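First comes the structure, then the notes that go with it.
All values derive from a computational prediction rather than experimental measurement.
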Amino acid sequence: MGLEISSHLHPVGSFDLSDHPVPTGREEVWRFTPLKRLRGLHDTAPLTGEDFDVKVEAPEGVRAESVVVAASERGLSGFVPTDRVSARAWEATSKVFTIDVPAEAELTEPVVVTFTGHSLDEAIAGQLLVKVGAHAVATVVLRFHGSATFAENVEIVLGDGAQLTYVTVQDWADDAVHHSTQRAVVGRDANLKHVAVTFGGDVVRHDATATYSGTGGEIEMLGLYFADEGQHIEHRLFADHNEPKTKSHVVYKGALQGQGAHTVWIGNVLIRKEAEGIETYEENRNLVLSDGCQADSVPNLEIETGEIEGAGHASATARFDDEQLFYLRSRGVSEKEARRLVVHGFFNDLIRKIGVPQLEEQLTLTVEAELAKNVLRELD
């Protein structure tokens, strides 16, 4: 028998690899992904590599270290693999990188962990657990650099009343492949801000599920991505409202430039029968900067109760706003500067929402560098 389905885009999951046949690309959850470019992560490629450098910057009192699986709290979130890559990574992982913020802690500085890959020769399986105790306040930033073929599972667990800003920045080299399956569980009256920033890599596919372990929990999922020539960036989000009086708000923005640049955003919200009084909204905006790009954007709402406060979604893909460009050009601004200003305006409100001052300037400079690769260079 196949896996049970709780949502048309999200199977219940299984630890048994035989329940996850090799995908063909015809499955709903794989139809946008260039399987041939995953270097066998979805098939039988050995997951034996360990060629990562890890740099940790953590405030006093925070535990951030690798723990062997037998001594770890792996599975604390109720994580169960829902695709073949995550099932293979679960099976192959020998250590769990754990970030543990104790209850009541209020961190004034972020926990920053930088992973740097050095080789494509052997694929790597990894597991991350971020645990934030009750009523703690923390920011965790993960950075990914270098070259790697990486299959990753992530668990994020927030205790009651906890507040976490979790930021993952994919600034890989152009040849990297990164597949990440994530599960976040938000406690009673807890607040999670989940931020995904993707610039680098050949293929990056992130599948993030967020759910609740008590009433009053809030989830904000923000994303910023910029795809260049030949690059595939895919974000799949699932907000599972399984508790009453919970909230979710999703905003993802992306830009594309160069022949063959491809982005995929799949947003899905499931409002279960017991989830009365919830609020949810999801939004995706894409800005196409040159010919030859493709942006796929698919918002979904599955509602099993009519007793809700509000639910909606929006999606749009467009080129430069001619009116904005005309307005700037008519006031003496050059075409190159006008285009630069429009793109920065497109991203700036989202960058400010992230709320991590250490990242704001860096992300603005990275957007500038991405523009220089194509759009602005053509106008020189």
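- For the atom pair Lys193 NZ and Met221 CE, the distance stands at 13.5 Å (nearest 0.5 Å).
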(request) For His249 and Glu279, run side-chain contact (heavy atoms from CB on, under 4.5 Å): C-alpha distance rounded to whole Å, both residues' side-chain angles, the deciding distance at 0.1 Å, then the answer. (result) CA-CA 8 Å; His249 188 213; Glu279 294 180 33; over 6 Å; no
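- Note that CD1 of Ile271 and NZ of Lys273 are 14.0 Å apart. Values are rounded to the nearest 0.5 Å.
- Arg183 places a side-chain N or O within donor-acceptor distance of the main-chain N or O of Ser77, the cut-off being under 3.5 Å.
- Screening Asn284, Asp349, Asn286 against Lys253 for a side-chain hydrogen bond (donor to acceptor under 3.5 Å, both in side chains) leaves a single residue, Asp349.
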(request) Before giving the answer on side-chain contact (heavy atoms from CB on, under 4.5 Å), spell out for Asp175 and Asp202 the whole-Å C-alpha distance, their side-chain angles and the decisive distance to 0.1 Å. (result) CA-CA 5 Å; Asp175 55 6; Asp202 177 49; 5.5 Å; no
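- Residues Ala87 and His20 share a closest heavy-atom pair of CB-CD2, 3.6 Å.
- A 4.5 Å side-chain heavy-atom check between Val22 and Arg84 finds at least one atom pair inside the cut-off.
- One hydrophobic cluster holds both Val177 and Trp30 under the rule that ILVMFWY side chains link at heavy-atom gaps under 4.5 Å.
- Taken to the nearest 0.5 Å, the CG atom of Leu289 stands 8.5 Å off from the CZ atom of Phe346.
- None of Val186, Asn191, Thr280 except one satisfies the side chain to side chain contact (heavy atoms under 4.5 Å, CB included) rule with Ile219; the exception is Val186.
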(request) Using the salt bridge (Lys or Arg N to Asp or Glu O under 4.0 Å) rule, take Asp189 and Lys245 through it: C-alpha gap first, then chi angles, then the decisive distance, then the call. (result) CA-CA 10 Å; Asp189 297 323; Lys245 299 187 186 317; over 6 Å; no
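- Checked by atom type and distance alone, the side chain of Tyr212 never pairs as donor or acceptor with a backbone atom of Ala190 at under 3.5 Å.
- Val96 and Ser72 get closest at one heavy-atom pair: CG2-OG, 3.6 Å.
- A salt bridge between Arg272 and Asp240 is present, with a side-chain N of the basic residue lying under 4.0 Å from a carboxylate O of the acidic one.
- Atom NE2 in His206 sits 10.0 Å away from atom CD1 in Ile233 (nearest 0.5 Å).
- For the side chain to side chain contact (heavy atoms under 4.5 Å, CB included) with Asn300, the lone residue among Leu237, Ile266, Val269 that qualifies is Ile266.
- The closest side-chain heavy-atom distance from Ile354 to Glu360 is not below 4.5 Å.
- The pair Lys36-Asp43 does not meet the salt-bridge criterion, since no charged nitrogen lies less than 4.0 angstrom from a carboxylate oxygen.
- Defined by atom type and a distance below 3.5 Å, a donor-acceptor pair is present between the side-chain atoms of Gln182 and Ser180.
- For the residue pair Lys95 and Ser66, the shortest heavy atom distance occurs at CD-CB, 4.3 Å.
- His241 and Ser248 form a side-chain donor-acceptor contact under 3.5 Å, judged by distance and modelled atom types alone.
- Residues Glu73 and Thr98 have side chains that never bring a donor and an acceptor to within less than 3.5 angstrom of each other.
- Side-chain polar atoms of Thr198 and His235 form a donor-acceptor pair below 3.5 angstrom.
- Taking the side chain as every heavy atom from C-beta outward, Leu107 and Thr139 never approach each other to under 4.5 Å.
- Here Thr263 contributes atom OG1 and Phe226 contributes atom CZ; the two are 11.0 Å apart, rounded to the nearest 0.5 Å.
- A pairwise comparison of heavy atoms in Leu35 and Gly25 identifies CD1-N, 3.4 Å as the closest pair.
- Panel note: side chain Glu155, backbone Gly75; a donor-acceptor pair is recorded below 3.5 Å.
- In the hydrophobic clustering of ILVMFWY residues, with side-chain heavy atoms under 4.5 Å counting as a link, Val69 and Phe15 come out apart.
- Aromatic pair Phe115/Phe97: centroids less than 6.0 angstrom apart.
- Both Leu350 and Val169 belong to a common hydrophobic cluster when Ile, Leu, Val, Met, Phe, Trp and Tyr are linked at side-chain heavy-atom distances under 4.5 angstrom.
- A ring-centre distance under 6.0 Å is found for Trp90 and Phe79.
- Considering only heavy atoms from C-beta on, Phe144 stays 4.5 Å or farther from Val204 through its side chain.
- A side-chain donor from one of Thr215 and Arg188 sits under 3.5 Å from a side-chain acceptor of the other.
- In this pair, Tyr225 and Tyr252 present their aromatic rings tilted. The plane angle is within the 30 to 60° band.
- With 3.5 Å as the limit, one finds no donor-acceptor pair spanning the side chains of Glu106 and Thr108.
- Contact detail for Arg88 and Leu41: the closest heavy-atom pair is NH1-O, 3.0 Å.
- A donor atom on one side chain and an acceptor atom on the other are not found under 3.5 Å apart for Thr93 and Gln127.
- Side-chain contact check for Val111 versus Pro59: some heavy-atom pair is nearer than 4.5 Å.
- Val67 and Val56 fall into different hydrophobic clusters, where Ile, Leu, Val, Met, Phe, Trp and Tyr residues are linked whenever their side-chain heavy atoms come under 4.5 Å apart, directly or through other members.
- Of the N and O atoms on the side chains of Asp171 and Thr366, not one donor lies less than 3.5 Å from an acceptor on the other residue.
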(message) Please determine whether side-chain contact (heavy atoms from CB on, under 4.5 Å) holds for the pair Asp228 and Gln257, giving the CA-CA distance in whole Å, both sets of side-chain angles, and the decisive distance to 0.1 Å.
(response) CA-CA 5 Å; Asp228 292 321; Gln257 63 180 1; 2.9 Å; yes
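- Interatomic distance, CD of Glu65 versus CG of Asp100, reported as 9.0 Å (0.5 Å rounding).
- The hydrophobic clustering, which links ILVMFWY residues whose side-chain heavy atoms are closer than 4.5 Å, places Val85 and Leu17 apart.
- Contact detail for Gly201 and Gln231: the closest heavy-atom pair is O-NE2, 2.9 Å.
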(message) Apply side-chain contact (heavy atoms from CB on, under 4.5 Å) to residues Leu359 and Arg143 and explain how you reach the verdict.
(response) CA-CA 11 Å; Leu359 282 176; Arg143 301 174 184 268; 3.7 Å; yes
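- Looking at Lys55, its side chain never comes within 3.5 Å of a backbone N or O of Thr116 through a donor-acceptor pair.
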(request) Start with the C-alpha gap between Asp83 and His42, add the side-chain angles, then the distance that decides, and say whether side chain to side chain donor-acceptor pair (under 3.5 Å) holds. (result) CA-CA 9 Å; Asp83 62 76; His42 66 299; over 6 Å; no
